[in-house]
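Heavy atoms only: backbone and side chains are in, while hydrogens, waters and symmetry mates are out. Nothing fancy with the numbering, it's 1 onward along the sequence.
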Amino acid sequence: MRADEVDDGADNGQHVIASGYEHLFRYLTSIGTRDHVTFPKRSTLRWPDGRTVSVQTTGIGAVRSLFGLHPDASVGDRMRAARATLRLGWQALHPPADLADITTEQWFDRVGMPAPAREALWDWLALGIAAEPVSRGSAKVFANVMATGIRMGAKHRTLITIGYPTVDLDTLYVDGAIEFFATHGVDVRYRAVARRIEIADGAVIGVLLADGTVVPADAVVCAVPNSHVGGLLDDLSEHAEIYAAADKLAATPIVSTNLYLDRPLGTESAFEGLIGGTGVIDEVFDRQIMHGRSTDRTWLYCLTTSGAYEQIRKPSDEIVDEQMALLRRYYPAAADATVVHAQVVKMPKATFSQTVGMDSLRVPQRTSVPTLVLAGDWTATDWSATMESAAQSAARAVDLLLN
Ligand SMILES: Cc1cc2nc3c(=O)[nH]c(=O)nc-3n(C[C@H](O)[C@H](O)[C@H](O)COP(=O)(O)OP(=O)(O)OC[C@H]3O[C@@H](n4cnc5c(N)ncnc54)[C@H](O)[C@@H]3O)c2cc1C
C-alpha cells in the first residue's frame with residue numbers, strides 16, 4: 001500500500017510470525033526470502049504509568065515470562081500463574097470435553113490464572129491467537145494452538161517464539177514468487193474472479209470466471225476465504241454443508257492504523273504491547289527497528305487492533321485521534337508529536353470468527369471429488385487464523401492432489 005504523501009509503502013498489518021510456521025518458512029525458502037524474518041530475544045510490555053517490562057522471548061527466560069511478568073505480581077501470584085500455566089498446558093494436550101463450549105476467559109478462570117498474569121501476558125496472547133477478546137474467543141481455539149506449540153517445541157527441543165519481517169510484505173511474499181513463477185512458466189491472472197468450479201463425471205473440468213470465460217483445469221485448489229466460497233462449489237455434492245459451515249464461521253474485524261510522526265516515540269523493541277489500556281489490547285510496531293527504515297522525513301508506527309468491533313464503525317479521523325491519545329498515555333515523547341500522515345486500514349472481514357462453537361466447523365481440504373481440494377486459513381489445520389494456517393492448508397491440499 002503506497003502512502004504517496006510521505007513517499008512510503010506501509011503494509012496492512014501482518015507483522016507477527018511464529019517460529020513454528022514450518023509451512024510458511026517452506027514457502028519463503030522456495031522464493032528466496034526466508035532470511036527476511038528475524039526472532040528478537042526480547043520484547044517490551046508497557047503500562048500507562050510509564051513502567052516497562054522487558055520480556056525475554058527465547059530460552060529459559062521465556063519460560064519464566066510465562067509464569068508472571070506483571071511488575072505488581074506478588075510471589076503468590078507468580079506461583080499461582082506457574083500452576084495455572086501447567087494446567088493450561090496439560091488441558092491443551094488432553095482437552096476436557098467441554099472446552100469447545102467455553103470462552104478463553106472461562107478457561108483462564110477455571111485453571112486459576114491470576115489477574116496480573118492475565119493482564120501482562122495471557123489475555124494478550126489469546127487475543128493475538130484468536131483475533132477475539134478473551135470474553136468471546138473460543139478456549140478450544142487457544143488450546144489447539146497451545147497444543148501445536150507444545151508438540152512442535154518438544155519435537156525441535158525449543159520453545160516457539162515470535163518474530164517479524166525485516167522487509168515490507170511485498171518483498172517478503174510477492175516479489176520472489178513472481179520471479180519464481182516466471183522461471184517456472186506459471187501464468188498468473190490478476191483480478192480474475194472465479195464464479196464456479198465446473199465438475200463433470202466426478203472430476204473438475206474447468207473454472208468459470210466472472211467475465212464468462214472458462215479456464216480448463218484437470219485439478220483445482222479452491223483457496224478463497226470462507227466469506228467468498230458461496231456459489232463456487234455448486235457442482236460438488238456436499239456443497240450445502242460446506243456453505244453452511246462457511247457462513248457460520250462468519251468474520252471478525254481488524255483495524256490497522258499506520259501513523260507517520262514527526263519524531264520518534266522512544267520505543268525499546270520492534271513490537272511493544274500496551275497493557276491496561278482500552279480493554280482492547282494494542283500492539284505498536286516500530287517500523288524503524290523492524291525494517292531499518294529511513295527517518296529523514298517521518299517515523300512510522302503501526303498499531304493493530306484485533307477484535308475491533310467498536311473501532312471498525314468509527315470514522316478514520318476519530319480512530320487516528322484515539323490511537324494518538326493512546327500513544328500519549330504510554331509514550332511521553334508522543335505528547336508533542338505531530339501526525340504528518342495517517343492511514344487507517346479497516347478490515348471488517350479480516351479473518352473468520354474464532355468464537356465459541358466455531359472450531360468444529362472448519363472443513364477438511366479433501367472433497368468428494370479427488371481433483372478438487374480446498375485451502376485457506378479457515379479450513380481445518382493445526383493453527384488459528386494465521387498465515388501458517390493458510391500455508392499448512394495449501395501444503396495439505398497439494399499433497400492430496402499429488403498422492
Ligand atoms: C490486519 C490483519 C493482520 C493480520 N496479522 C497476522 C499476523 O501478524 N500473523 C499471521 O500469521 N496472520 C495474520 N493475519 C491473518 C492472515 O493474514 C490470514 O490468516 C491469511 O492471510 C489467510 O490467508 P488465505 O490465503 O487463507 O486467505 P486470503 O489471504 O484472504 O486470500 C484469499 C484470496 O482469494 C481471493 N479471492 C476471493 N474470492 C475470489 C474469487 N471468487 N475468485 C478469485 N479469487 C478470489 C482474494 O482476493 C484473496 O486474494 C492478519 C490478518 C489481517 C487481516
Can you give me the closest heavy-atom contact between [X] and [Y], atom names plus distance?
X	Y	result
Arg196	Gly231	CG-O, 3.5 Å
Ala143	Ala92	O-CB, 3.6 Å
Gly376	Ser393	N-OG, 2.8 Å
Ala117	Ala81	CB-CB, 3.8 Å
Phe39	Ala18	CE2-C, 3.8 Å

Between [X] and [Y], do the side chains contain an N or O donor and an N or O acceptor separated by less than 3.5 Å?
X	Y	answer
His156	Glu22	yes
Asp359	Gln354	no
Arg263	Thr295	no
Arg362	Thr381	yes
Asp286	Thr267	yes
Thr379	Gln365	yes

Does [X] reach the main-chain N or O of [Y] with its side chain, forming a donor-acceptor pair under 3.5 Å?
X	Y	result
His228	Val224	no
Thr166	His36	yes
Arg396	Ala380	yes
Thr161	Thr57	yes
Glu132	Ser353	no
His184	Phe181	no
Asp377	Ala390	no
Tyr173	Asp168	no
Thr52	Arg46	no
Glu272	Ser269	yes

Atom pair [atom1] ([X]) and [atom2] ([Y]), whose distance is rounded to the nearest 0.5 Å:
X	Y	atom1	atom2	result
Ile150	Lys155	CD1	NZ	15.5 Å
Leu125	Leu121	CG	CG	5.5 Å
His239	Leu236	NE2	CG	8.5 Å
Ile319	Thr305	CD1	OG1	8.0 Å
Leu259	Tyr301	CG	OH	10.5 Å
Ile242	Asp247	CD1	CG	12.5 Å

- Which is it for Arg136 and Glu105 under the salt bridge (Lys or Arg N to Asp or Glu O under 4.0 Å) test, yes or no, and what are the steps along the way? CA-CA 8 Å; Arg136 299 173 63 116; Glu105 186 164 49; over 6 Å; no

Compare all side-chain heavy atoms of [X] with those of [Y] and state whether any distance is below 4.5 angstrom.
X	Y	result
Leu274	Leu326	yes
Asn12	Ser256	no
Val221	Leu401	yes
Val340	Arg297	no
Met113	Thr85	yes
Asp35	Thr33	no
Glu241	Val363	no
Thr371	Val220	no

Does the ring centre of [Y] sit less than 6.0 Å away from the ring centre of [X]?
X	Y	answer
Tyr27	His23	no
His15	Tyr164	no
Phe142	Phe108	yes

- Query: Once the angle between the rings of Tyr21 and Phe25 is folded into 0 to 90°, is it parallel (under 30°), tilted (30 to 60°) or perpendicular (over 60°)?
  - Reply: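 Tyr21 and Phe25: tilted rings.
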
- Item | From Gln343, Arg287, Arg293, His341, residue fulfilling side-chain hydrogen bond (donor to acceptor under 3.5 Å, both in side chains) relative to Asp8 |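 Looking at Gln343, Arg287, Arg293, His341, the match for Asp8 under the side-chain hydrogen bond (donor to acceptor under 3.5 Å, both in side chains) is Arg293.
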
- Step by step, work out the side-chain contact (heavy atoms from CB on, under 4.5 Å) result for Tyr260 and Val339. CA-CA 6 Å; Tyr260 288 91; Val339 181; 6.0 Å; no

- Task: Take Ile17 and Leu172 through the side-chain contact (heavy atoms from CB on, under 4.5 Å) test and state the conclusion after the steps.
- Result: CA-CA 12 Å; Ile17 292 179; Leu172 187 67; 4.2 Å; yes

- Worked check of salt bridge (Lys or Arg N to Asp or Glu O under 4.0 Å) between Arg118 and Asp109: CA-CA 10 Å; Arg118 276 190 50 185; Asp109 284 346; 3.6 Å; yes

Which pairs of donor and acceptor atoms, one on a side chain in residues 67-77, lie under 3.5 Å apart (sequence neighbours left out)?
residue, atom, partner, partner atom, Å
His70, ND1, Asp72, N, 3.0
His70, NE2, Trp47, NE1, 3.4
His70, NE2, Glu119, OE2, 3.0
Asp72, OD1, Arg51, NH1, 2.7
Asp72, OD2, Arg51, NH2, 3.2
Ser74, OG, Gly76, N, 3.4
Ser74, OG, Asp77, N, 3.0
Ser74, OG, Asp77, OD2, 3.3
Asp77, OD1, Arg80, NH2, 3.0
Asp77, OD2, Ser74, N, 3.1

Answer yes or no: does atom [atom1] of [X] have more than 12 heavy-atom neighbours from other residues, nucleotides or ligands under 6.0 Å?
X	atom1	value
Lys349	NZ	no
Asp211	CG	yes
Met1	CE	yes
Arg2	CZ	yes
Glu268	CD	yes

- Message: side-chain contact (heavy atoms from CB on, under 4.5 Å) for Arg313 and Lys346? Distances and angles first, verdict last.
- Response: CA-CA 9 Å; Arg313 287 195 289 267; Lys346 295 182 189 175; over 6 Å; no

- Test side-chain contact (heavy atoms from CB on, under 4.5 Å) applied to Leu327 and Val284, step by step: CA-CA 9 Å; Leu327 291 183; Val284 176; 3.8 Å; yes

